[in-house]
Amino acid sequence: MAQATQEFGEWPLKRLMTEVCGSGHKSADDLTRVQATEAFERILADEPDPTTLGAFWLANRWKRNTSEELGAYVDVMCDRVEYAEPDADPVDCGANYDGKGRSAILGVAAGAVAAAAGTPVVVHSGDRVPTQKQDAYKHVLDELGVHTELTPADSADMVDQTGFGFYYQPAFNPVVDDLFHRRDMMGVRTFVNTIETLANPAGASVHLGSFYHLAFAKKVVDTFVESEFHDLDRVLMFQGMEGYDDVRPGYTKVAEWDAGDADGTGDEEAGSESASFDDFEIETAEYGMDLEEADLEVDDVAVDSAQITEEVLAGEREDAFADAVAVNAALRIYAREDADSIEAGLEAARDAIDDGSAMDVLDALRDF
């Protein structure tokens with residue numbers, strides 16, 4: 001223990017549990033940035049006893065992490081990520097790595113359409129990540145015959161050559177991938193499920209993500225602000241299906257944040273409390289996505305999503321899936337401000353499908 005204290009500092013996880021965060025969801029204290037930084041450094045070094053680690057993760061879950069804690073965890077992780085930035089500045093799409101189990105994954109098709117319209121897109125995921133271990137971006141791309149187990153440098157080249165890029169977690173974020181077994185043994189999500197989606201392996205200036213409740217979108221924005229590693233220009237988030245980055249049909253909320261001194265206070269990092277943060281509601285039917293969530297359910301998520309992707313990009317479908325892909329592509333185009341409204345993004349998306357350029361992106365991905 002003396003050696004561990006000398007290497008890491010004064011806050012082993014057991015002490016944090018006893019003195020700071022382990023007393024219950026009402027009486028627990030939050031960690032300081034220094035404490036959170038040391039805690040995650042110890043975790044990534046495989047220093048804590050497995051029982052202590054599980055208790056620490058659970059204590060973080062029941063007390064709920066602050067953006068300061070998450071910002072510290074993100075920075076410790078990002079310091080170990082292998083970054084490969086393409087020449088293009090893509091939209092970073094950070095969907096839940098543990099995947100979807102009921103509805104089609106639309107982000108591959110939407111990303112290809114956006115890329116064809118001039119908005120480069122990056123997606124990233126692992127392989128059957130705990131706790132759900134369901135289908136994610138990798139599995140749809142595998143079914144489409146696109147290479148996924150790429151080095152980060154190859155992923156960056158993929159973006160520049162095709163407009164769409166996939167980054168594979170074990171390649172760019174191996175220290176988090178090494179936590180697979182312990183996360184699996186937990187049986188519940190931990191803060192790692194949140195921060196892994198914020199790794200931004202392409203160094204993009206725009207992040208697109210999803211949320212169940214608006215409070216989480218605000219926390220993500222504030223986490224990026226608290227992060228000393230990230231320097232984003234813009235964040236767009238919306239209520240997603242199964243927590244994924246596919247917008248929920250119907251009446252749904254969108255959150256939008258731009259960096260800079262938008263609130264006039266002189267504080268360039270005011271986050272979700274600044275005038276540069278806005279949330280608004282949309283009715284997806286107004287953009288041609290007049291359907292219910294059940295209309296997007298499939299039997300085999302990876303296989304069916306791949307088939308839907310190919311058929312939509314080839315212009316062979318004019319159904320609920322085609323409408324949903326177009327709207328999700330529009331949100332990606334709007335996120336990067338390549339269109340000044342969702343409506344304009346939707347027009348660009350439909351044009352990219354109609355003229356065959358979206359299918360050209362998929363062909364280029366397969367040839368890569």
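One-based numbering along the sequence shown. All of these numbers come straight from a predicted model, not from anything done at the bench.
- Across N200, T197, D92, D233, a single residue satisfies side-chain hydrogen bond (donor to acceptor under 3.5 Å, both in side chains) together with H207, and that is D92.
- Side-chain atoms of Y334 and E256 include a donor-acceptor pair closer than 3.5 Å.
- Side-chain contact check for E143 and S305: no donor-acceptor pair (N or O, by modelled atom type) lies under 3.5 Å.
- Residues T119 and D338 have side chains that bring a donor and an acceptor to within less than 3.5 angstrom of each other.
- Placement of Y97 and F211 within a single hydrophobic cluster is found when ILVMFWY residues are connected by side-chain heavy-atom separations under 4.5 Å, directly or transitively.
- Remark: R64 is not positioned above the aromatic ring of F216, lacking an NZ or CZ atom under 6.0 angstrom from the ring centre and at most 45 degrees off the axis.
- Salt bridge present: D245 and R332 bring a charged side-chain N and a carboxylate O closer than 4.0 Å.
- The backbone N or O of S272 sits less than 3.5 Å from a side-chain atom of D222, completing a donor-acceptor pair.
- Here the options are D135, D142, D98, the test is salt bridge (charged side-chain N to carboxylate O under 4.0 Å, His left out), and the partner is R128; only D135 passes.
- In this structure, the side chains of L179 and L44 come closer than 4.5 Å at one or more pairs of heavy atoms.
- Salt bridge absent: D323 and R317 never bring a charged side-chain N and a carboxylate O closer than 4.0 Å.
- Of the N and O atoms on the side chains of T148 and K138, at least one donor lies less than 3.5 Å from an acceptor on the other residue.
- A ring-centre distance under 6.0 Å is not found for F166 and F368.
- Between the side chains of D127 and H139, a donor-acceptor pair is found at a separation under 3.5 Å.
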